[in-house]
> 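Pasting a structure here, questions to come.
Here the structure is a predicted model, which is why all the values come from computation and not from measurement.
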Amino acid sequence: MIRIAICAPSASFSPEDADRVAALAKAEFPQVALHFHPQCFFTHGHFAGTDAQRMAAFLECANDPAFDAVWFARGGYGSNRIAEAAVAGLDHAAQDKAFLGYSDGGYLLAALYRAQIGHPVHAPMPADIRRDGGDAAVRRSLDWLAGG
């Protein structure tokens, strides 16, 4: 079983969209277990919680040895505000994880790459489920995470 933690280091994500992503994963990728961190659904202005809440959720997901990967729920301004401090808070459990995202999540991916932590991957995010053809984009990430 591939265990994937989903957090929102930038903008919030809706529970309805999370349900759509979870249903797609369950139907087509039974070897993948998704865990949406409750922080994904927080709001603070246009962010998914305060900087401290977003960083804490990222660190919980990345430092938890029960997860194989961390998938950023969506982009939007915000991860740049926590990237440096978040990477400094990572422990050995983050070292071999895949980290997936794009857009503003690129700040975290770049910080991880620079620190040689994990496997940063520019890839579709759960929020892509909202757009035309988004199911296919989410499917690509899930397929990659499942070893495809």
> If you take all heavy atoms of F47 and Y77, which pair is closest and at what distance?
CE2-O, 3.2 Å

> Would you call L90 and F58 a side-chain contact if the rule is heavy atoms closer than 4.5 Å?
yes

> For the pair Q53 (side chain) and T50 (backbone), establish whether a donor and an acceptor sit closer than 3.5 Å, ignoring hydrogens and angles.
yes

> Would you mind reporting whether V70 and L100 have side-chain heavy atoms less than 4.5 Å apart?
no

> Between the main-chain N or O of A93 and the side-chain N or O of N63, is there a donor-acceptor pair closer than 3.5 Å?
no

> How long is the gap from CG on D17 to SG on C40, to the nearest 0.5 Å?
11.5 Å

> Indicate, with yes or no, if F67 and V32 share a hydrophobic cluster defined by side-chain heavy-atom contacts under 4.5 Å among Ile, Leu, Val, Met, Phe, Trp and Tyr.
no

> What about L59 and F42, same hydrophobic cluster or not, with Ile/Leu/Val/Met/Phe/Trp/Tyr joined at side-chain heavy-atom distances under 4.5 Å?
no

> Over all heavy atoms of both residues, which pair between V138 and M125 is shortest? Give the atoms and the distance, please.
CG2-O, 3.7 Å

> Students often mix this up, so state it plainly: with edges at 30° and 60°, are the rings of F13 and F41 parallel, tilted or perpendicular?
parallel

> Keeping R54 on the side-chain end and G49 on the backbone end, is there a donor-acceptor pair under 3.5 Å?
yes

> Around atom CD of E84, are there more than 12 heavy atoms of other residues, nucleotides or ligands at under 6.0 Å?
no

> With heavy-atom distances below 4.5 Å as the criterion, would you say the side chains of N80 and L108 are in contact?
no

> Of the non-hydrogen atoms in A8 and A73, which two are nearest, and what is the gap between them?
CB-CB, 4.1 Å

> Is any side-chain N of the basic residue among R74 and D128 closer than 4.0 Å to the acidic one's carboxylate O?
no

> Which residue pairs pass the side-chain hydrogen bond (donor to acceptor under 3.5 Å, both in side chains) test when at least one of the two sits in residues 109-121, sequence neighbours left out?
none

> Is the shortest side-chain heavy-atom distance between R81 and M55 below 4.5 Å?
no

> Just verifying a value: how many Å separate L24 CG and D135 CG, rounded to the nearest 0.5 Å?
5.5 Å

> List the atom of D64, the atom of K97, and the distance in Å for their closest heavy-atom pair.
O-NZ, 2.9 Å

> Between R20 and I129, is there a donor-acceptor pair closer than 3.5 Å when you use the side chain of the first and the backbone of the second?
yes

> Give the cluster check for I4 versus F36: same hydrophobic cluster or not, with ILVMFWY residues linked at side-chain heavy-atom distances below 4.5 Å.
yes

> Quick one: pull up OH in Y102 and OG in S141 and give me the separation to the nearest 0.5 Å.
9.0 Å

> Applying side-chain contact (heavy atoms from CB on, under 4.5 Å), name anything that partners Q95, two or more places apart in sequence or on another chain.
I117

> For atom OH of Y107, is the number of surrounding heavy atoms from other residues, nucleotides or ligands below 6.0 Å larger than 12?
no

> Out of curiosity, Q31 CD to R3 CZ, how far, rounded to the nearest 0.5 Å?
13.5 Å

> Answer with yes or no whether the side chains of H37 and E60 bring together a donor and an acceptor at under 3.5 Å.
yes

> Mind checking whether L145 and D143 have side chains closer than 4.5 Å, heavy atoms only?
no

> Can you tell me if S10 uses its side chain to pair, donor with acceptor, with the backbone of S79 under 3.5 Å?
yes

> Taking all heavy atoms of Q39 and all of A48, pick out the closest pair and write down the distance.
NE2-O, 2.7 Å

> Quick one: closest heavy-atom pair of L109 and F99, and the distance?
CD2-O, 3.4 Å

> How long is the straight-line distance from CG of L34 back to CH2 of W71, given to the nearest 0.5 Å?
6.5 Å

